Structure formats: structure tokens, C-alpha cells
Visitor: 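I'd like to ask you about the structure that follows.
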Amino acid sequence: MRTSRGMSDLIRMQIIQERLSGASYSSLRRKYNLNTGDIIKRWMRIFGIMDNQRKRSQPFSVVDPLNESIEDPTLLKQALKKAICRAEKAELRSKAFETMIEVAEAKYKIAIRKKHGTRQ
């Protein structure tokens with residue numbers, strides 16, 4: 001089984017998009033070789049996307065920062081694009097910080113990262 005720690009946010013958003021298109025958690029779990037389908041629910045909460053498929057009469061909704069649900073399909077697509085954009089920016093920011101730390105460690109020859117097992 002594959003763990004989700006090594007997955008980029010883009011792959012996670014692709015899986016969420018497939019879920020919003022109607023794929024079941026179990027089929028996505030098998031397709032992407034995930035340990036559990038609950039991880040997809042967790043990603044959806046992290047990205048602010050709610051899955052109301054348990055209630056068959058209600059469509060999917062996205063919760064926006066103002067705590068209002070969005071049920072229009074075009075607004076859902078816009079919200080998904082914004083979430084993907086935020087995920088891409090966060091990934092780039094993380095890479096920039098990693099690069100900055102690596103350069104500083106090499107240039108000044110000091111260890112900046114926390115050592116595992118040390119007490120602070």
C-alpha cells in the first residue's frame with residue numbers, strides 16, 4: 001500500500017476532482033493504491049471541499065472562507081481551481097524555503113534544521 005506522504009498537492013487535488021466527479025472512495029483507494037479512503041476525506045477537509053454524497057438529495061458543496069456553502073457546479077469548478085492554485089503556491093513556497101535553508105547551510109557551514117531526537 002502506498003502512503004500519502006509522498007504525494008504532491010496536485011495529485012491529491014486530482015484524486016479529489018475524481019471523487020467530485022462521482023468516483024467512490026474504494027475505487028479511488030484501489031486505483032491510487034492508498035491505505036484507506038478516509039485520507040481522501042481528510043484532504044477534502046484540508047482544501048475546504050465538503051463531500052455531501054452521503055445525502056443523495058444534496059449536491060456536492062464547497063465551503064468558502066465565509067462559511068457559506070457553494071452548490072453551483074461552475075462555482076465548484078472555480079473553487080477547485082483556486083484550491084489548486086493555492087496548493088501550487090504553497091508547494092513553490094516550501095521549495096523556496098528548502099532551497100534558502102540549503103544555500104544558507106552550505107554558505108555559512110552551520111546546521112539550521114532541527115536534529116531529530118534533540119530536546120529543546
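The structure displayed is predicted, hence computed values, not measured ones.
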Visitor: To the nearest 0.5 angstrom, please state how far the CD1 atom of Ile39 sits from the CZ atom of Arg12.
Guide: 7.0 Å
Visitor: Taking Glu18 for its side chain and Leu28 for its backbone only, find out whether a donor-acceptor pair lies under 3.5 Å.
Guide: no
Visitor: Are Ile11 and Ile46 linked, directly or through intermediate hydrophobic residues, by side-chain heavy-atom contacts shorter than 4.5 Å (ILVMFWY only)?
Guide: no
Visitor: Measure across Leu80 and Met13 and return the closest heavy-atom pair with its distance rounded to 0.1 Å.
Guide: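 Taking Leu80 first and Met13 second, the nearest heavy atoms are CD1-CE, 2.8 Å.
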Visitor: Output, in order, the C-alpha distance, side-chain angles, deciding distance and verdict of side chain to side chain contact (heavy atoms under 4.5 Å, CB included) for Ile15 and Ile40.
Guide: CA-CA 8 Å; Ile15 294 170; Ile40 300 170; 3.9 Å; yes
Visitor: Give a yes or no answer on whether the side chain of Thr99 reaches the backbone of Lys95 with a donor-acceptor pair at less than 3.5 Å.
Guide: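 Confirmed, Thr99 side chain pairs with Lys95 backbone.
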Visitor: About how many Å separate CE of Met44 and OH of Tyr25, when rounded to the nearest 0.5 Å?
Guide: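 Rounded to the nearest 0.5 Å, the OH-CE separation comes to 5.0 Å.
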Visitor: Would Arg29 and Asn35 count as a side chain to side chain contact (heavy atoms under 4.5 Å, CB included) if you check the C-alpha gap in whole Å, the side-chain angles of each, and the deciding distance to 0.1 Å?
Guide: CA-CA 7 Å; Arg29 183 182 56 78; Asn35 291 332; over 6 Å; no
Visitor: Output the distance between atom OG (Ser94) and atom CG (Asp9), rounded to the nearest 0.5 Å.
Guide: 9.5 Å
Visitor: Say you draw a straight line from NZ of Lys81 to NZ of Lys77; how long is it, rounded to the nearest 0.5 Å?
Guide: 8.0 Å
Visitor: Does the side chain to side chain contact (heavy atoms under 4.5 Å, CB included) test come out yes or no for Glu88 and Leu92, once each step is laid out?
Guide: CA-CA 6 Å; Glu88 289 172 346; Leu92 285 174; 5.5 Å; no
Visitor: Restricting to non-hydrogen atoms, name the atom on Glu105 and the atom on Ile110 that form the minimum distance, rounded to 0.1 Å.
Guide: CG-O, 3.1 Å
Visitor: Would you say that Leu20 contacts Leu76 through its side chain, given a criterion of any heavy-atom pair below 4.5 Å between the two side chains?
Guide: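 No, their side chains stay 4.5 Å or more apart.
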Visitor: Quick check for you: to the nearest 0.5 Å, what is the distance between Trp43 atom CH2 and Arg19 atom CZ?
Guide: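 One gets 13.5 Å once the value is rounded to the nearest 0.5 Å.
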Visitor: Of all heavy-atom pairs between Ser8 and Glu91, which one has the smallest distance, and what is that distance?
Guide: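 So the minimum-distance heavy-atom pair works out to CB-OE1, 3.8 Å.
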Visitor: Using the rule that Ile, Leu, Val, Met, Phe, Trp and Tyr join whenever any side-chain heavy atoms are under 4.5 Å apart, tell me whether Val103 and Ile101 fall into a single cluster.
Guide: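 Shared cluster, no.
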Visitor: Donor-acceptor pair, Ser27 side chain versus Ala23 backbone, under 3.5 Å?
Guide: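 No: the side chain of Ser27 does not pair with the backbone of Ala23.
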